[in-house]
Amino acid sequence: MLRKTDFFIDGRWTAPITPKELEVINPADEQPFAVISLGSAADVDKAVAAARKAFESWSRTSREERVEYLEKLLAAYKRRLPDMSQAISSEMGAPIKLATESQASVGAYHIKNFIHALKNFEFEHQLSEIAPNDRIVHEPIGVCGLITPWNWPMNQVTLKVVPAIAAGCTVVLKPSEIAPMSSIVFAEIMEEAGFPAGVFNMVNGDGPTVGEAMSRHPGIDMMSFTGSTRAGIAVTRAAAETVKRVTLELGGKSPNIVFADTDVSAAVKRGVAHCFENTGQSCNAPTRMLVERSIYDQAVEVAREAAEQTAVGNPAEDGDHIGPVISAAQFDKIQGLIEVGIKEGARLVAGGTGRPEGFNRGYFVRPTIFADVSNDMRIAQEEVFGPVLAMIPFDSEEEAIAIANDTPYGLSGYIQTDSQERAHRVARRLRSGMVQLNGASRGPGSPFGGYKQSGLGREGGKWGLEDFLEVKAIAGWNTGA
């Protein structure tokens, strides 16, 4: 049993002021494999004090100095990649291949991309040709509170920590308490990279205690949160008392529109695989597949076959299978929503309730496909966060757009069509922060974020840096001696 009960505060591993131990559960076998401690408001006070003290000098470092630190961070992260992969696989049940090739490696990917963004960011510039005497200066906002989720832990930690410190801010990180081990490894990597004391601080804890204390803290200038919409609302309310900036990356119920003029088999197989990736635990997963009616029956059959061919297996074993979901609470929520889908009249064509065949323990879920879903059903409106796909027929492009936008979320959208003109036309009309056409991936430094209840702000690239910067306008720049 690993014991990792200390927090990283002011450049040192520090015992909690009031210990409150919590077992970390491996979702594959439901057994504890590590122990951490949950922090308190007093621990947050200590971390914020360290961050505020460090901000005075860190905010005045040069771009070149910060680039050098980030390059050291990237080198150290790459050295610890096997440790990071194992931590992620154990804490959240990601199959070791996924944990290594995607979950852990995405951290290095983001660090590299932020180094590029930092080297090219224009921190000072003239306002305009017609206002040559006005200077615009982008300055670090201050101490930033960062709250990250369990589903893509290093994706979110690096999307927050790295741009914040690159911008000249100092940070207090609270990772998810049910998947904290990867962030402990990350704190060790930050220590190895040699950042000055207080630039990076980490306090483990739960949302109602540590998250609330951070959100309300007058010494924190900004909160950046990724997680559920419900929790994002709580962070925003608490932060309002001190009028601090809040950025949010929240839920999604992303549509995947499949038109008849595409390769139906390839598009549907790709959509099912993307929906089930990470066992369906991705906020931007294409969980609603909208299919043109003339190819609908064919698409349902392809989806059924794809679901039945999706292997579920032990995360410790190599392969392309999916693993368990994160926790008992998540397992129960998914089972309940599958039952709701059946009761509401959706046609179950693959999967269903219960564990897959061969599993009698662990939070494993059957890859599930619902057909004949109407968009007002709960499985079409609520974020299931498991390997569950809802298929909805449509008759026209206008109807497809209407169904796609009929959701409280607006994170991502996906379009499958052989018509470039249609792809461009529909992409412009989707109310989402991101759109991916015909299986294309987003490029390095592309902004990640959404409309409506999917959040506020954008992460990644120059947009990620801008989230952590204030804008100062200085008039009369060229006057005086």
Side-chain angles (χ1 to χ4, degrees), residues 1-4 21-36 38 82-104 106 148-157 175-186 204-207 226-228 231 251 275-283 285 287 310-338 351-368 383-388:
M1 181 83 71
L2 290 170
R3 289 191 61 83
K4 295 286 186 177
E21 292 190 352
L22 176 73
E23 291 182 335
V24 183
I25 306 299
N26 185 325
D29 60 14
E30 305 181 40
Q31 296 301 304
F33 72 97
V35 175
I36 64 167
L38 299 178
D83 297 329
M84 184 65 76
S85 303
Q86 187 57 59
I88 292 172
S89 184
S90 297
E91 69 188 2
M92 63 159 296
I96 193 63
K97 183 178 180 181
L98 177 74
T100 302
E101 296 181 359
S102 297
Q103 285 275 7
V106 75
T148 56
W150 48 259
N151 61 316
W152 283 90
M154 279 305 105
N155 184 70
Q156 293 308 129
V157 166
S176 167
E177 69 275 19
I178 59 175
M181 307 312 294
S182 55
S183 289
I184 291 172
V185 174
F186 183 80
N204 281 315
D206 60 23
T226 297
S228 69
C275 177
F276 291 172
E277 182 189 28
N278 201 39
T279 319
Q281 299 171 124
S282 299
C283 52
T287 52
T310 300
V312 181
N314 187 334
E317 297 176 358
D318 189 30
D320 294 320
H321 52 278
I322 64 174
V325 296
I326 184 69
S327 66
Q330 189 65 20
F331 178 86
D332 291 342
K333 174 192 172 186
I334 295 165
Q335 299 300 309
L337 282 170
I338 292 173
T353 56
R355 292 180 174 87
E357 186 177 346
F359 291 91
N360 59 10
R361 66 187 306 179
Y363 309 126
F364 294 92
V365 175
R366 299 172 67 190
T368 297
E383 190 174 39
V384 179
F385 232 56
V388 179

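Keep in mind the model is a prediction, meaning the values are calculated, not measured.
Contact check on Glu91 versus Lys4 returns no salt bridge, with no Lys/Arg side-chain nitrogen under 4.0 Å from an Asp/Glu carboxylate oxygen.
In terms of heavy-atom proximity, Met154 sits nearest to Val106 at C-CG1, 4.4 Å. Taking each heavy atom of Phe359 and Gly313 in turn, the nearest pair found is CZ-CA, 3.9 Å. In terms of heavy atoms, Phe276 sits closest to Pro367 at CE1-CB, 3.6 Å. Contact record, Pro315 with Gly93: CG-O, 3.3 Å, taken as the closest heavy-atom pair. For the pair Gln330 and Ile326, the tightest heavy-atom approach, listed with the atom from each and the gap, is CB-CG2, 3.8 Å.
In terms of modelled atom types and a separation under 3.5 Å, the side chain of Gln281 and the main chain of Trp152 share no donor-acceptor contact. Counting only distance, with no hydrogens or angles, the side chain of Ser90 and the backbone of Gln86 share a donor-acceptor pair below 3.5 Å. Although no hydrogens or angles enter the test, the distance criterion places a donor-acceptor pair under 3.5 Å between the side chain of Gln335 and the main chain of Gly354. With hydrogens and angles disregarded, no donor-acceptor distance shorter than 3.5 Å links the side chain of Ser282 to the backbone of Ala285. Between the side chain of Arg361 and the backbone N or O of Asp29, at least one donor-acceptor pair lies under 3.5 Å. Using a distance-only test at 3.5 Å, with no hydrogens or angles considered, a donor-acceptor pair links the side chain of Ser89 to the main chain of Ala94. Of the possible polar contacts, one joining the Arg355 side chain to the Gly362 backbone as a donor-acceptor pair under 3.5 Å is found.
Residues Pro175 and Asn204 meet the side-chain proximity criterion, which asks for heavy atoms closer than 4.5 Å. Counting heavy atoms from C-beta outward, Ile334 and Phe385 have side chains that stay 4.5 Å or more apart. Contact of the Tyr363 side chain with the Ile25 side chain is registered, since non-hydrogen atoms from C-beta on lie closer than 4.5 Å. Within the 4.5 Å cutoff, no side-chain heavy atoms of Asp206 are placed close to those of Leu22. A heavy-atom distance below 4.5 Å is not found between the side chains of Leu337 and Val388. At least one side-chain heavy atom of Met92 sits less than 4.5 Å from a side-chain heavy atom of Pro153. With a 4.5 Å cut-off on side-chain heavy atoms, Gln31 and Asn26 do not count as touching. Thr226 places none of its side-chain heavy atoms less than 4.5 Å from the side chain of Thr148.
To the nearest 0.5 Å, atoms CG (Leu38) and CD (Glu21) are separated by 9.5 Å. If you take CG on Asp83 and OG on Ser182, they are separated by 12.0 Å, rounding to the nearest 0.5 Å. Here the straight-line distance linking atom CH2 of Trp150 with atom CD of Glu177 works out to 11.5 Å at 0.5 Å rounding. Atom-to-atom distance recorded for Arg366:CZ and Ile322:CD1 is 12.0 Å, nearest 0.5 angstrom. Separation of atoms CE (Met1) and CZ (Phe33) is listed at 9.5 Å; rounding is to 0.5 Å. To the nearest 0.5 angstrom, Gln156 atom CD is 6.5 Å from Cys283 atom SG.
Within 6.0 Å of atom NZ in Lys333, more than 12 heavy atoms from other residues, nucleotides or ligands are found, so the atom counts as buried in its surroundings.
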- Could you go through the side-chain contact (heavy atoms from CB on, under 4.5 Å) check for Val384 and Thr287 one step at a time? CA-CA 9 Å; Val384 179; Thr287 52; over 6 Å; no

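A side chain to side chain contact (heavy atoms under 4.5 Å, CB included) with Pro387 holds for exactly one of Thr279, Thr310, Asn278, Thr368; it is Thr279.
Considering only residues two or more places apart in sequence or on other chains, Glu23 meets the salt bridge (charged side-chain N to carboxylate O under 4.0 Å, His left out) condition with none of them.
For the salt bridge (charged side-chain N to carboxylate O under 4.0 Å, His left out) condition, the pairs that include at least one residue of residues 319-332, sequence neighbours left out, are Lys97-Asp320.
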